[in-house]
Amino acid sequence: MLKKECIAMLLAGGQGSRLGCLTRNIAKPAVSFGGKYRIIDFSLSNCTNSNIDTVGVLTQYKPFLLNSYIGMGSAWDLDNTFGGVHILPPYVGETQGSWYKGTANAIYQNMDFIHHYNPDYVLIISGDHIYKMDYSAMLKFHKEKESEVTISTVEVAWEEAPRLGIMTVDENSRILKFTEKPSEPESKLASMGVYIFDWSVLKDALLEDEGDLESDNDFGKNVIPRLLRQGTKLFAFKFQGYWRDVGTIESYYDANMELLNGANSLDIFDPEFRIFSNEGILSPQFVGSKARIENSLVSNGCTILGEVSNSILAPGVYVGEGAKVKDSIILHHTKIHENCFVQRAIVGENAEIMSQSCIGVQAKGHLEQAGITVVQDHQVIPQGSVIKEGRNVYRTR
Amino acid sequence: MLKKECIAMLLAGGQGSRLGCLTRNIAKPAVSFGGKYRIIDFSLSNCTNSNIDTVGVLTQYKPFLLNSYIGMGSAWDLDNTFGGVHILPPYVGETQGSWYKGTANAIYQNMDFIHHYNPDYVLIISGDHIYKMDYSAMLKFHKEKESEVTISTVEVAWEEAPRLGIMTVDENSRILKFTEKPSEPESKLASMGVYIFDWSVLKDALLEDEGDLESDNDFGKNVIPRLLRQGTKLFAFKFQGYWRDVGTIESYYDANMELLNGANSLDIFDPEFRIFSNEGILSPQFVGSKARIENSLVSNGCTILGEVSNSILAPGVYVGEGAKVKDSIILHHTKIHENCFVQRAIVGENAEIMSQSCIGVQAKGHLEQAGITVVQDHQVIPQGSVIKEGRNVYRTR
Amino acid sequence: MHSVIGLIFGNTRSDILQGLAQDRPIAAVPFGGRYRLLDFALSSMVNSGIRTVGLVTPHHYRPVLDHLGAGKDFSLDRKAGGLFILPGAIHGLIGDKSKFRIKDICLNIEFLQKDFSENVVISYCNQVYNINYRDALEFHNQKQADITLIYKETDDPLDMSGRVILYIGKDQHVHKLQEKYEDDPTEQAQPYFVDMLIIRRTLLLDIIQGYKCIENIDLLDALRDNLTTLKVYGYNFTAYIGRIDSIKDYFDRNMDLFKPEIRKELFLSRDRIHTKIRDNPPTKYGSKAKVSNSLLASGCCIDGEVENSILSRGVVIKPGCMIKNSIIMQKCIIGKNAVLENVILDKFVEVNEGNVLKGSENNPLVLYKKTVV
Amino acid sequence: MHSVIGLIFGNTRSDILQGLAQDRPIAAVPFGGRYRLLDFALSSMVNSGIRTVGLVTPHHYRPVLDHLGAGKDFSLDRKAGGLFILPGAIHGLIGDKSKFRIKDICLNIEFLQKDFSENVVISYCNQVYNINYRDALEFHNQKQADITLIYKETDDPLDMSGRVILYIGKDQHVHKLQEKYEDDPTEQAQPYFVDMLIIRRTLLLDIIQGYKCIENIDLLDALRDNLTTLKVYGYNFTAYIGRIDSIKDYFDRNMDLFKPEIRKELFLSRDRIHTKIRDNPPTKYGSKAKVSNSLLASGCCIDGEVENSILSRGVVIKPGCMIKNSIIMQKCIIGKNAVLENVILDKFVEVNEGNVLKGSENNPLVLYKKTVV
């Protein structure tokens with residue numbers, strides 16, 4: 001039987017409910033990012049660039065768009081005769097089906113898949129972070145340290161630490177302590193949610209975790225702390241580079257905007273570490289004779305007749321004459337008609353903002369989500385609407 | 001928005017528990033058939049040969065092998081820019097996930113998918129029948145009759161009728177009565193489980209069925225009879241040709257064996273109506289100098305050193321020297337070692353029968369499943385074993 | 001539609017496009033920022049439901065193969081049918097005007113023999129269009145025609161120069177074909193053949209058998225010989241068909257894309273023009289970018305002024321540049337303060353800081369691949 | 001392994017295989033029932049983790065393209081890297097023995113220039129093998145070699161005829177290359193070059209620049225010129241390498257497949273030989289079939305006797321036939337009671353009822369494509 005040295009398990013099951021109406025109809029990893037990309041492009045491209053050719057993608061929340069988007073992984077050069085990308089939804093076994101509970105439970109339910117490839121190492125990643133990483137460097141570290149579990153870490157600001165898994169390490173990078181979302185963090189060293197396990201260690205840990213009825217079946221909350229208590233060798237790999245969790249409207253907005261500001265950000269133009277995506281067929285972008293575009297990213301298939309500044313436009317976006325789009329993120333195939341004014345807004349896919357509307361009008365008092373206005377996908381905003389900053393516009397059903 | 005004239009929904013969710021240990025680890029549509037094929041190849045190839053380029057495949061029981069096998073449908077020329085094959089597992093929505101209950105419920109839960117293509121007609125088929133059919137002829141009939149629901153039918157023997165959905169029709173082929181599994185059938189006209197619905201009719205019927213708390217959410221049991229009662233125009237399309245439900249060990253065995261006997265069977269050699277499948281890379285078959293093969297189908301990658309008669313060998317099968325395989329079906333990559341005797345048996349995938357064993361030894365008294373012996377996939381039968389006919393060999397866990 | 005296969009002649013090498021068609025057949029000449037000329041002929045067939053297409057390629061076939069791969073981006077990587085690359089004969093004369101050489105089909109006759117289909121749609125590929133053959137095929141079938149020639153009608157003598165004029169009787173029957181010469185003035189609209197036709201497959205095989213011994217004969221000549229015995233009909237297309245027969249044509253057809261109705265017909269119709277998808281980031285507009293009335297592919301970095309121009313993927317425009325009425329192909333780099341007007345730059349051209357290049361509208365300046373100026 | 005790319009020369013047309021290589025380059029000659037010779041060279045590269053492969057093709061490239069498509073069956077349809085078809089120069093001399101012509105690489109120099117990789121594995125494709133280059137690449141890197149030549153050692157003069165002998169010093173350093181002539185007897189095992197080598201990409205580019213003006217020079221000649229200044233090492237392979245240089249070789253290498261250890265090494269190792277997958281039903285053995293010691297592809301219908309033979313897909317053997325020591329390519333039909341011995345039938349040959357065709361072991365009888373006898 002063939003075997004693989006290292007396969008990846010990509011957790012893409014979560015709704016990402018803190019992204020509000022951006023994830024009402026699609027899973028978070030399928031949300032558009034940086035113009036033409038979707039969030040999961042970064043993790044999948046990382047696998048490609050790290051020579052990892054076998055990826056199990058665990059999905060369960062509204063997976064249709066995500067599954068269609070991923071397909072067999074050919075958009076990321078990940079389709080192989082032996083290996084490739086496999087979508088792993090929850091399923092019914094001989095007795096009955098069960099949904100994925102925590103992150104650890106999702107992997108537990110797909111141990112047969114891992115066993116099929118019988119790897120030495122399992123890389124566990126999630127589909128909702130923005131970063132470029134060569135996992136093979138981390139694997140090398142894992143082997144050199146004779147580690148059993150390696151967690152990739154990044155230094156974060158003190159104020160971010162309480163939202164993340166924080167660890168304390170010794171001078172040899174061995175992890176001494178791991179606390180999920182500590183109220184009083186001891187360090188700024190945060191887990192990126194990227195783990196390399198020896199497959200044998202992972203297998204035992206998952207079986208034990210599943211037997212623990214008290215457990216939430218989560219890696220950060222349960223599995224890692226238990227392994228630490230048991231004396232397993234856990235090491236922290238220090239990742240250098242840009243990494244963002246885009247779990248909230250604010251962080252999603254900021255990470256997009258950072259693409260426009262070059263420094264310290266992700267280089268999407270680098271030919272040696274390409275970010276791949278699954279593109280449709282679209283014409284070149286057309287810029288009209290009265291258009292004005294500055295400091296912006298504009299994708300294929302866009303038609304720009306108005307003014308666009310400090311904004312990111314996904315494929316197929318239309319900006320009508322006299323319209324002004326400023327400091328905004330406009331997702332796939334959305335139309336902004338004549339004389340609209342859109343500021344500091346995220347407008348979902350296939351939405352339509354009819355003419356003379358104002359989105360993100362200055363408001364007084366306390367502003368929700370840092371004043372960012374969000375319009376849900378497929379939403380039609382009637383002519384002449386005025387929507388104040390910080391609001392969410394979505395359908396109730 | 002683009003639209004499709006007709007899309008297919010392929011029900012591939014069932015366990016097929018009457019196939020016993022053949023479906024303990026894989027879904028019925030993924031079971032090997034006729035040497036190199038899997039059961040679902042026939043439905044998918046029918047779609048290709050009928051110019052239907054969009055197929056939703058509904059899976060929920062042990063779907064890994066099936067999903068990997070289907071992929072994006074490229075093995076059946078079904079991968080298209082707009083359309084193609086989409087695997088539709090159960091999923092979690094905003095509130096919570098729900099498993100597919102009956103056949104109608106499975107389609108109901110994927111109405112969004114159908115709506116995405118907004119077709120005029122929906123073809124509903126299942127992945128567990130063996131037949132070659134050009135669905136476009138049925139669609140033409142549907143349009144000519146101005147039918148709202150068309151059911152494809154086949155004449156069966158009286159004794160088979162009580163297992164099937166049986167209908168009575170008038171001289172114009174309009175369906176007057178439909179009874180699922182009648183104890184006293186009124187006719188021999190049986191439903192093949194192939195339906196064409198006007199999408200608008202299907203939509204309303206599914207919504208109504210879902211509201212009926214008494215319903216089992218099954219097309220044959222609930223939806224069709226209700227539509228008949230309501231006066232909807234249902235017509236019966238008479239299919240001419242070979243059709244087999246392979247839902248039991250006996251019918252599975254017989255349908256396989258019919259491939260060896262030419263007449264009235266399926267022509268798998270016809271170049272104008274090809275059955276496609278997703279093949280792996282295997283070498284040509286090798287026939288040893290002491291081998292003897294007669295009246296058999298042998299696939300790529302087989303090594304035959306012994307005697308094979310009236311049998312069907314899937315890809316990668318090994319038959320050792322002195323071994324005799326008679327009236328049997330040997331599935332993918334199974335090894336039958338030296339001097340074994342295998343008769344009237346179905347041996348599952350990746351099984352291994354060690355030397356000097358006898359499978360299907362004549363027994364007295366009442367024989368289970370018409371005396372067919374079944375060995376589960378991945379089973380290893382120890383050297384010198386003797387297994388009586390009609391037995392099932394499987395692991396208990 | 002599976003009873004129709006397609007055949008595209010993409011093998012003529014041509015001197016009409018100056019350097020643009022020097023290292024590539026006309027089929028592979030880039031167009032409109034992200035296409036090659038071939039894409040229009042091939043997409044029109046695919047969008048008409050044709051799933052088996054033979055492409056007659058020249059000896060310089062690498063650019064074509066590089067672009068097409070297995071036809072994946074055109075949904076033509078199939079087990080039954082799909083895309084067939086058919087090497088054409090080696091022709092001596094670059095200037096030869098023949099389009100549908102029987103010798104080229106003859107070399108690849110197995111492609112036609114192996115198939116079961118009823119009809120063959122044949123097209124040449126120096127034209128830009130987005131059409132659907134369904135109606136023409138329906139017409140062809142209803143008339144039980146042997147051959148249906150696609151034509152347009154115009155009274156513009158420019159459109160007609162070098163074209164073949166059809167004389168069409170009642171019932172759309174074609175009774176005469178005649179070359180149109182440049183010095184042949186006309187005052188009324190005339191129907192002219194647009195280098196696309198539908199022919200019964202078995203008839204095509206018969207014609208090839210009959211004429212194969214004659215060097216370099218064109219299918220159209222063979223047809224003319226037999227016009228009285230065959231059922232030849234004409235079918236009128238009203239779609240935009242932009243022909244490229246000179247560098248001036250090439251420039252003007254690109255500039256046509258700024259007309260909204262033409263852009264809409266080519267790029268925004270229900271049927272899409274397929275092309276090879278290459279992963280590029282979105283185009284980045286800097287704070288000094290000033291772009292108007294232009295088409296840009298992805299992956300560009302724009303920091304200067306661009307007007308009435310077409311930029312392919314990965315073009316870099318440095319601050320202070322003024323680009324006007326120009327066509328700039330992939331990965332060109334235009335240095336600071338450079339000025340370009342009425343210029344066509346082939347791939348990988350670099351223009352150094354401050355340089356000024358100007359052609360005229362009627363005679364655009366062309367820089368060959370990899371030139372550094 | 002992504003710092004290595006592959007380059008396969010598949011463009012020599014050859015008269016050595018009589019009619020088998022008449023309409024196809026040697027790369028496309030069918031072998032072993034379901035392969036083409038190219039599959040062995042290409043699979044070995046893919047199985048070694050090489051994801052970018054250039055294939056130098058001849059003008060007769062249709063059979064190669066037809067077989068490869070976009071490289072899907074070889075996992076080479078990729079966005080980054082993948083399979084590149086590189087048209088070779090048109091060579092006048094069919095009988096030319098040169099294998100790695102610098103002119104052919106020169107024409108496709110962009111393929112080498114565009115890449116970032118460190119090394120290039122180069123191979124010719126008239127040999128049958130299933131090898132993994134990983135160890136050789138490791139050796140090449142450890143030695144910091146400029147060039148590593150792969151060799152085998154044998155004392156069988158047949159294996160060595162026409163080969164290049166390596167003179168290897170300590171530390172595996174190669175200090176001399178010498179042609180082996182047929183009438184040059186030897187008594188001891190000598191290391192001979194097996195037409196596969198590893199070379200630094202930038203060095204290869206330098207060599208091409210330096211030698212491109214010389215007509216028809218072979219890479220090996222260029223190497224010999226510079227042997228003293230370059231770090232050239234030899235790496236010993238023990239794998240089966242079956243060379244095909246004559247019709248007798250072709251016949252014998254096919255018959256080698258009946259040796260269990262060779263069949264095992266080629267077809268049952270952990271690394272698989274990839275090939276184009278064509279959907280065919282299983283092979284049907286009728287009640288009168290009697291097959292022994294034979295290899296059969298799928299889709300055959302066997303009703304007669306077959307012994308020591310290799311049958312490609314879709315072959316039909318009618319009742320009463322006696323087929324012995326023969327190679328029968330795809331879709332041949334052998335009529336009732338026909339007798340074949342020591343025969344090679346190219347594709348689509350039909351043998352009529354009762355006919356008898358016999359060649360000898362040393363001189364098998366070859367029937368060309370589509371012959372009807």
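Keep in mind it's a predicted model, so treat the numbers as computed, not measured. Every chain is numbered from 1 and lettered A, B, ... according to where its sequence line falls, protein lines coming before strand lines.
Considering only heavy atoms from C-beta on, B:Ser289 stays 4.5 Å or farther from D:Phe258 through its side chain. Two residues are said to be in side-chain contact when any heavy atoms from C-beta on lie closer than 4.5 Å; B:Val298 and D:Pro282 fail this criterion. B:Ile293 places none of its side-chain heavy atoms less than 4.5 Å from the side chain of D:Lys290. Counting heavy atoms from C-beta on, the side chains of D:Tyr285 and B:Val287 come closer than 4.5 Å. Residues B:Pro284 and D:Tyr35 meet the side-chain proximity criterion, which asks for heavy atoms closer than 4.5 Å.
Proximity to chain B is limited to the side chain of D:Cys301, based on heavy atoms less than 4.5 angstrom apart. Residue contact with chain D, scored on non-hydrogen atoms closer than 4.5 Å, involves the backbone of B:Ile275 exclusively. Residue D:Arg313 does not touch chain B at all, counting heavy-atom pairs closer than 4.5 Å.
For the atom pair CG of D:Asn280 and OG of B:Ser299, the computed distance is 11.0 Å after rounding to the nearest 0.5 Å. Residue D:Thr283 holds its OG1 atom at 10.0 Å from NZ of B:Lys36, rounded to the nearest 0.5 Å. Atoms OG1 and CG, on D:Thr275 and B:Leu282 in that order, are 12.0 Å from each other to the nearest 0.5 Å.
Of the possible polar contacts, one joining the D:Asp279 side chain to the B:Ser277 backbone as a donor-acceptor pair under 3.5 Å is found.
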- request: Report the C-alpha distance between B:Gln285 and D:Leu295 in whole Å, list the side-chain angles of each, state the deciding distance to 0.1 Å, and finish with yes or no for side-chain contact (heavy atoms from CB on, under 4.5 Å).
  value: CA-CA 5 Å; B:Gln285 51 195 273; D:Leu295 277 169; over 6 Å; no

- request: Give the C-alpha distance, both sets of side-chain angles, the deciding distance and a yes or no for side-chain contact (heavy atoms from CB on, under 4.5 Å) between D:Leu296 and B:Phe286.
  value: CA-CA 7 Å; D:Leu296 297 89; B:Phe286 175 70; over 6 Å; no

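Heavy atoms from other residues, nucleotides or ligands lying under 6.0 Å from NZ of B:Lys132 number more than 12. For CD of D:Glu361, the number of neighbouring non-hydrogen atoms (other residues, nucleotides, ligands) closer than 6.0 Å is 12 at most. Remark: D:Lys248 NZ is packed, more than 12 non-hydrogen atoms of other residues, nucleotides or ligands lying under 6.0 Å away.
Here the shortest heavy-atom pairing between D:Ile273 and B:Ile281 reads O-CG2, 3.1 Å. Minimum interatomic distance between B:Ile268 and D:Pro281 (heavy atoms only, all atoms of both residues): O-CG, 3.5 Å. Nearest heavy atoms, B:Leu260 versus D:Lys284: O-NZ, 3.6 Å.
Options D:Ala289, D:Pro260, D:Gly314 differ in how many heavy-atom pairs under 4.5 Å they form with chain B, and the most are formed by D:Ala289. The residue among D:Ser294, D:Ser292, D:Gly33, D:Ser287 with the most heavy atom pairs within less than 4.5 Å of chain B is D:Ser294. When B:Gly34, B:Gly301, B:Ser283, B:Gly35 are compared by the number of non-hydrogen pairs under 4.5 Å with chain D, B:Ser283 comes out ahead. Interface check for chain D: of the options B:Ser296, B:Gly288, B:Ser309, the most heavy-atom pairs under 4.5 Å are formed by B:Ser296.
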